[in-house]
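Positions are given from 1, in the same order as the sequence printed here. For ligands, and for the atoms within them, numbers begin at 1 and follow the listed sequence.
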Amino acid sequence: MTGEQKPSGISEERRPLVLDVRDSVKHFRMRRTSLTGKRPQVHAVDGISVRLRAGRTLGLVGESGCGKSTLGRLITGLDAPTSGSVLVGADQHDVTAGAGGKVQAVFQDPASALDPRMTVRAAIAEALGGVARPERERRVDEALAAVGLPPELGARYPHQLSGGQQQRVCIARALVAGPDLILLDEAVSSLDASLQAQVLDLLERLQRETGTAYVFISHDLRAVRRISHAMAVMYLGQIVEEAPAEAFDRGLLHPYAVALRSTEPGIFQGGSRIERVVLRGEPPSAVDPPAGCRFAPRCPIADDHCRRVAPELVDVTTDHRVRCHKPGGLTLTTAATTTVADLGGES
Ligand SMILES: Nc1ncnc2c1ncn2[C@@H]1O[C@H](COP(=O)(O)OP(=O)(O)OP(=O)(O)O)[C@@H](O)[C@H]1O
Ligand SMILES: [Mg+2]
């Protein structure tokens, strides 16, 4: 399977753990009450455990509403989990007790992330907190240089910058205090293709130089695969598959992960074009997750057992986990046949 592609266990274990999410749950109570008089809960994140080591990137993928940003907010301490814990930094600090600059975040829209009344220098310096003047100025200069912005740009205000420059400022601000971990939630999604490539190059270079770990969230599977060492596929608040990035090309086992990958434009396997797997129906609501496997209502290979019994996330190898009763049952080659048969009477 993917055994021969695994990075060497020894060198990996020497990297300090900088993120340890343990069985984290985030439920939101809704305002409206249901017919039974109870206030329904949105199961945005429903029992997620992931770990990340220094200098590594974990990509989070899955369709809109599956809980990626909610998990991101738990990781950065912006929200407290309903249960479970999030430990961050080389000293495994509980993030709800204050991350102390160990975790930073960059979001999709740099214009709204930057204060319009603050110059670039002031915005970056603010992230340094109490660092005194000469040292502070030096570090701001370094951060500007690190993201490839000329020093004179530091005197400008956000509206005097292009979108790409604004996002570089956000990255500089995230990096300047030397965090262990940066959450990048759709951080390159608002940039055009060539700028996206530049910012991804920049992030990779900065990671090599500083050893900062990234959690990278994007709808763009190609971008995620490019920058990530490992990828987690989420469905309705849970991880359904976590695998090394290489396994994303061949070796995905969960039918949803396989289907998701097939939606990437222009992907090939063994020289032939992969047929897109079209999933029937909408994702079920996170308010009332179905019994049994949460993906079963849309899964092309689900059976009665799948609909009754919820599968556990189990290890396939040391760094590959899957939550499915029939792992590997839907392959991309057979997917083409399945799709044609499935869609025959529908569209
Ligand atoms: N503050 C909140 N109150 C109530 N429900 C919320 C809140 N934040 C998120 N949700 C719900 O939690 C679920 C997960 O949302 P989340 O934003 O994490 O998804 P996502 O994977 O980031 O989606 P997208 O790809 O669209 O950004 C959704 O059903 C959403 O409506
Ligand atoms: Mg989101």
Side-chain angles (χ1 to χ4, degrees), residues 19 21 23-34 38-50 52 57-84 86 95-96 103-113 167 170 174 181-191 196 199 214-225 227-228 230-242 248 254 256-257 259-261 263-265 279 281-290 294-295 297-298 313 323:
L19 174 68
V21 177
D23 206 18
S24 274
V25 170
K26 182 69 183 179
H27 290 172
F28 294 105
R29 209 170 272 287
M30 294 177 69
R31 279 218 192 98
R32 66 176 173 80
T33 48
S34 69
K38 284 194 188 143
R39 282 162 73 202
Q41 287 191 327
V42 181
H43 295 227
V45 165
D46 223 2
I48 286 190
S49 300
V50 276
L52 183 60
T57 301
L58 173 68
L60 286 183
V61 297
E63 65 206 313
S64 189
C66 70
K68 304 180 296 295
S69 294
T70 303
L71 178 59
R73 292 176 63 81
L74 297 180
I75 287 170
T76 50
L78 287 167
D79 273 337
T82 306
S83 65
V86 176
V95 78
T96 53
V103 188
Q104 295 289 333
V106 179
F107 297 101
Q108 176 161 11
D109 180 15
S112 68
Q167 198 58 308
C170 291
L181 175 68
I182 300 180
L183 168 73
L184 298 145
D185 189 347
E186 303 285 358
V188 298
S189 309
S190 65
L191 308 176
Q196 250 188 41
V199 173
Y214 301 143
V215 172
F216 188 88
I217 298 174
S218 176
H219 278 102
D220 181 349
L221 289 180
R222 253 190 277 206
V224 182
R225 196 167 34 160
I227 198 170
S228 301
M231 314 212 356
V233 181
M234 287 179 64
Y235 191 81
L236 268 186
Q238 299 181 322
I239 290 177
V240 295
E241 184 155 10
E242 186 185 1
F248 212 73
H254 195 284
Y256 175 68
L260 187 70
R261 182 180 174 241
T263 63
E264 220 180 317
L279 296 174
E282 289 294 303
S285 160
V287 175
D288 190 14
R294 292 183 181 190
F295 183 57
R298 295 166 82 198
L313 189 61
R323 185 190 293 280

Quiz item: Does some non-hydrogen atom of the protein lie less than 4.0 angstrom from atom 7 (C) of ligand 1?
Solution: yes
Quiz item: Within 4.0 Å of atom 31 (O) of ligand 1 (strictly less), any protein heavy atom?
Solution: no
Between [X] and ligand 1, does any nitrogen or oxygen pair lie at a separation below 3.5 Å?
{"X": "G62", "result": "no"}
{"X": "G65", "result": "yes"}
{"X": "S69", "result": "yes"}
{"X": "A286", "result": "no"}

Self-check item: Aromatic contact, H254 with F295 (centres under 6.0 Å)
Solution: yes
Quiz prompt | Part of T70 within contact of ligand 1 (heavy atoms, under 4.0 Å) | solution = both
Quiz item: For ligand 1, does H219 get within less than 4.0 Å through its side chain, its backbone, both, or neither, judged by non-hydrogen atoms?
Solution: side chain
Self-check item: Criterion side chain to side chain contact (heavy atoms under 4.5 Å, CB included) on T96 and V86, from CA distance to verdict
Solution: CA-CA 8 Å; T96 53; V86 176; over 6 Å; no
Practice problem: For the pair M234 and I48, evaluate side chain to side chain contact (heavy atoms under 4.5 Å, CB included) and give the outcome as yes or no after the intermediate values. | Solution: CA-CA 10 Å; M234 287 179 64; I48 286 190; 3.6 Å; yes
Self-check item: Worked verdict on H43 versus L236 for side chain to side chain contact (heavy atoms under 4.5 Å, CB included)
Solution: CA-CA 8 Å; H43 295 227; L236 268 186; over 6 Å; no
Exercise. List the atom of Y256, the atom of E63, and the distance in Å for their closest heavy-atom pair.
Key: OH-N, 3.1 Å
Quiz item: Where is the tightest heavy-atom contact between V106 and I182, given as atom of each residue plus distance?
Solution: CG2-CG2, 4.2 Å
Self-check item: side chain to side chain contact (heavy atoms under 4.5 Å, CB included) evaluation trace for D220 with V224
Solution: CA-CA 6 Å; D220 181 349; V224 182; 5.7 Å; no
Exercise. Verify the distance criterion only: is there a donor paired with an acceptor across the side chains of H27 and D46 at less than 3.5 Å?
Key: yes
Quiz item: Does S69 bring an N, O or S atom to under 2.8 Å of the Mg ion (ligand 2)?
Solution: yes
Quiz item: Can you tell me if M30 has a non-hydrogen atom under 4.0 Å from ligand 1?
Solution: no
Quiz item: Counting heavy atoms only, which of G72, P283, S64 comes nearest to atom 24 (P) of ligand 1?
Solution: S64
